Protein chains: 2
Amino acid sequence: MTSTEHQQPAERIVDRPGAKGAASKPAIGARPTRQRRAVVDALAAAEVFHSAQEIHAQLERRRAQVGLTTVYRTLQALAELGEVDVLVRGDGETVYRRCSAGHHHHLVCRSCGRTVEIEGPAVEAWARRTAQEHGFAQVEHTLEIFGVCADCAGQAL
Amino acid sequence: MTSTEHQQPAERIVDRPGAKGAASKPAIGARPTRQRRAVVDALAAAEVFHSAQEIHAQLERRRAQVGLTTVYRTLQALAELGEVDVLVRGDGETVYRRCSAGHHHHLVCRSCGRTVEIEGPAVEAWARRTAQEHGFAQVEHTLEIFGVCADCAGQAL
DNA sequence: GCGCACTTGACAACGATTTTCAATACCCCT
DNA sequence: AGGGGTATTGAAAATCGTTGTCAAGTGCGC
């Protein structure tokens, strides 16, 4: 993830826009629709990162009637609002997961996908310092750790 | 441009296989062909990460007659041999760059693409320790820092 | 020289994502 | 409550990077 921070009510996208002091235009019209709620709910229930396609398939199984296009759009919007984490898998597929507000990284199980959010103030500082030393500004960074969790390792996969 | 970087024979892929004690099979037949040399040369000259398509386009401009498929295959082979770094850009495109041997990370300029290889023993240790704390084994990690280099920042892009 | 395995490359196939665009749903205003 | 305009949806087509196919080409050991 990037060091840019976001903290907002986790579901602006399905909130009524009316009541709030219309200061900034949301990334999307922000109208609470059945489809958006379905996507948000699916994410809320998910423990691991999922691709748009996976979420769409899951909704279909659940007879939720949401178009693939809409799933993509909703996920993009949520990502822009910083309400979900985005990860580009090695194979190029983009995956999403609900996340806590602040800046954090991930420890992901290669086998079952279980994900632990982690923080590393020391690493943040190191990254910033290193970039500065080389004259770089507007620094962001990505850091993900992959491994095999205890459960999966136990099952001698 | 800050040249004077590491120069290694980093071209196993075009070396004759004969002489070496045929212990392990290379990721590719390792026959030195005009096409492979062209790709390796293009990488040797490159200062920044490039996609297969970009390299192919460049070779074409240079009238080097190398098929796109071959560029892809050669880059994959080089990556498997660890002779180039692979990065999956945010948009999912895979990019390559020649690199020094050991484990390292990158500091990349968002504007011009200039890349600095960096090391962070402390970070390595931290990652390992953190993973262990959560019971994860077979740990790997990815870490890239993005920013705007001094030159680009100066030009008020 | 021969022959065969390694390579190549044009093209088709793929799969994820985006775009298009017409139909629909929703909300504000009167 | 109804109108109207805008946000939203979604099916299908278009993109686009990448991989698979397979016949033709090439290099190297023998």
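The structure displayed is predicted, hence computed values, not measured ones.
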Tell me the interatomic distance from [X], atom [atom1], to [N], atom [atom2], rounded to whole angstroms.
{"X": "A:Gln53", "N": "C:dT18", "atom1": "CD", "atom2": "C1'", "result": "12 Å"}
{"X": "B:His56", "N": "C:dT8", "atom1": "NE2", "atom2": "P", "result": "13 Å"}
{"X": "A:Gln35", "N": "D:dT9", "atom1": "CD", "atom2": "C1'", "result": "6 Å"}
{"X": "B:Leu75", "N": "C:dG9", "atom1": "CG", "atom2": "P", "result": "14 Å"}
{"X": "A:Ile55", "N": "C:dT17", "atom1": "CD1", "atom2": "P", "result": "11 Å"}
{"X": "B:Glu80", "N": "D:dT19", "atom1": "CD", "atom2": "P", "result": "11 Å"}
{"X": "A:Arg36", "N": "C:dA25", "atom1": "CZ", "atom2": "P", "result": "15 Å"}
{"X": "B:Tyr96", "N": "D:dT18", "atom1": "OH", "atom2": "P", "result": "6 Å"}

Is there a side-chain contact between [X] and the phosphate of [N], meaning an N or O under 4.0 Å from OP1 or OP2?
{"X": "B:Thr69", "N": "D:dG20", "result": "no"}
{"X": "B:Thr33", "N": "C:dT8", "result": "yes"}
{"X": "B:Tyr72", "N": "D:dT19", "result": "no"}
{"X": "A:Gln65", "N": "D:dT9", "result": "no"}

TODO: Measure from the side-chain heavy atoms of B:Thr70 and tell me the nearest of D:dT18, C:dT8, C:dT17.
DONE: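 Out of D:dT18, C:dT8, C:dT17, the nucleotide with an atom closest to B:Thr70's side chain is C:dT8.
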- [ ] Look at the side chain of B:Arg73 and the base of C:dG9, then say whether one donor and one acceptor between them are separated by less than 3.5 Å.
- [x] yes
Open item on the list: Take a 6.0 Å sphere around CD of A:Gln65 and say whether it holds more than 12 heavy atoms from other residues, nucleotides or ligands.
Closed with: no
TODO: For A:Ser51, answer base if it contacts any base atom (sugar-phosphate contacts may also be present), sugar-phosphate if it contacts only those atoms, and nothing otherwise; contact means non-hydrogen atoms under 4.0 Å.
DONE: nothing
TODO: With heavy atoms under 4.0 Å as the rule, sort A:Gln76 into base, sugar-phosphate or nothing.
DONE: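 It contacts sugar-phosphate atoms only.
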Task: Joint hydrophobic cluster, A:Leu143 plus B:Ile118, side-chain heavy atoms closer than 4.5 Å - done: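 Shared cluster, yes.
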Below 3.5 Å, can you tabulate the donor-acceptor pairs from side chains in residues 121-137 of chain B to any protein atom, sequence neighbours excluded?
{"unit_1": "B:Glu124", "atom_1": "OE1", "unit_2": "B:His103", "atom_2": "NE2", "d": "2.8"}
{"unit_1": "B:Glu124", "atom_1": "OE1", "unit_2": "B:His141", "atom_2": "NE2", "d": "3.0"}
{"unit_1": "B:Glu124", "atom_1": "OE2", "unit_2": "B:His103", "atom_2": "NE2", "d": "3.3"}
{"unit_1": "B:Glu124", "atom_1": "OE2", "unit_2": "B:His105", "atom_2": "NE2", "d": "2.9"}
{"unit_1": "B:Trp126", "atom_1": "NE1", "unit_2": "B:Thr130", "atom_2": "OG1", "d": "3.3"}
{"unit_1": "B:Thr130", "atom_1": "OG1", "unit_2": "B:Trp126", "atom_2": "O", "d": "2.7"}

Open item on the list: Is a donor from one side chain sitting under 3.5 angstrom from an acceptor on the other, for A:Glu93 and A:Ser51?
Closed with: yes
- [ ] Would you confirm whether B:Arg34, through its side chain, and B:Ala64, through its main-chain N or O, come within 3.5 Å as a donor-acceptor pair?
- [x]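 Confirmed, B:Arg34 side chain pairs with B:Ala64 backbone.
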